[in-house]
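What you see is a predicted model, and the numbers here were worked out from it, not measured in a lab.
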Amino acid sequence: MTTLIGTMILVIGLPAWAGITYVGLVRARRGNELPQPDPPRAPRTPAKKAAWVAGLAYVAGGVLHLYGMSYLPFLFPEDACWFNAGHMAVPDSSSALPVSLVCAGEEIVPWWVNAGLLVFAVTAVTATVTSVVLALRQRADRRRTGG
């Protein structure tokens, strides 16, 4: 019970106290005025949006690949089959790309891991190429108009 109370204090009380203190310090610094909102920023260009999509796809693909690699044997190959399939034996085959682990003739890695890797790879490459093309077009348009 003590641990629960301490956790609640850390999770709820500490951030609330920090927020109240921060707002109080800001108001004191500005003569008891509320902080003004930031001015609106320029909208993102399509090239930047495509670059963000590409970056997200690269990161998500890397995370999914790490998840798929967690099925593969590293130090003790017989443990990979034991923990994943309940069969104490050395894997028949394993590979990192496509992510595959075969124990006793059965594929252990879920089917959606490699399908997801393919989707993220195609998305990342397509978004990267799109971002570059849009950035080059935007630069050419600016030079043509003189701005």
Side-chain angles (χ1 to χ4, degrees), residues 1-26 34-147:
M1 188 66 174
T2 305
T3 306
L4 178 64
I5 293 171
T7 304
M8 295 306 288
I9 289 171
L10 287 175
V11 169
I12 296 171
L14 194 59
W17 173 79
I20 291 167
T21 304
Y22 175 74
V23 169
L25 289 174
V26 169
L34 289 175
Q36 298 300 317
D38 293 333
R41 50 184 187 155
R44 286 200 176 108
T45 63
K48 282 190 180 181
K49 290 178 186 177
W52 275 101
V53 169
L56 184 64
Y58 282 120
V59 169
V63 168
L64 184 60
H65 194 255
L66 284 176
Y67 172 75
M69 295 289 286
S70 70
Y71 283 93
L72 299 185
F74 290 103
L75 295 176
F76 304 105
E78 63 276 358
D79 287 347
C81 288
W82 176 252
F83 290 129
N84 295 318
H87 178 22
M88 186 62 131
V90 176
D92 297 339
S93 68
S94 66
S95 68
L97 202 58
V99 182
S100 173
L101 174 66
V102 179
C103 293
E106 183 182 346
E107 178 64 46
I108 304 302
V109 178
W111 64 270
W112 51 267
V113 170
N114 289 316
L117 285 175
L118 179 65
V119 167
F120 285 134
V122 169
T123 302
V125 170
T126 303
T128 301
V129 170
T130 303
S131 176
V132 169
V133 167
L134 289 173
L136 291 175
R137 278 188 187 170
Q138 185 180 10
R139 181 182 291 174
D141 287 345
R142 266 195 249 137
R143 284 186 183 169
R144 193 172 340 124
T145 60

> Hey, does Asn114 have a side-chain heavy atom less than 4.5 Å from the side chain of Leu118?
Replying inline: no
> Val113 and Gly68: which non-hydrogen atoms are nearest, and at how many Å?
Replying inline: CG1-CA, 4.0 Å
> Looking at CD1 of Ile108 and CG of Leu72, how far apart are the two atoms once the value is rounded to the nearest 0.5 Å?
Replying inline: 11.0 Å
> If every non-hydrogen atom of Ala127 is compared with every non-hydrogen atom of Val53, which pair is closest and at what distance?
Replying inline: CB-CG1, 4.1 Å
>> Could you check whether any side-chain N or O of Thr126 sits under 3.5 Å from a backbone N or O of Thr123, counting only pairs where one atom can act as donor and the other as acceptor?
In response: no
> Can you check whether Trp112 reaches Leu64 side chain to side chain, under 4.5 Å on heavy atoms?
Replying inline: yes
>> Quick check: do Leu101 and Ser94 have side-chain heavy atoms less than 4.5 Å from each other?
In response: yes
>> For Ala124, is there any backbone N or O sitting under 3.5 Å from a side-chain donor or acceptor partner on Thr128?
In response: yes
> Between Arg44 and Lys49, which heavy-atom pair has the shortest distance, and what is it?
Replying inline: O-CE, 3.8 Å
> Got a sec, which residues hit side chain to side chain contact (heavy atoms under 4.5 Å, CB included) with Asp79, two or more places apart in sequence or on another chain?
Replying inline: Phe76, Phe83, Met88
>> Check whether His65 reaches the backbone of Val99 with its side chain - one donor and one acceptor, N or O, closer than 3.5 Å.
In response: no
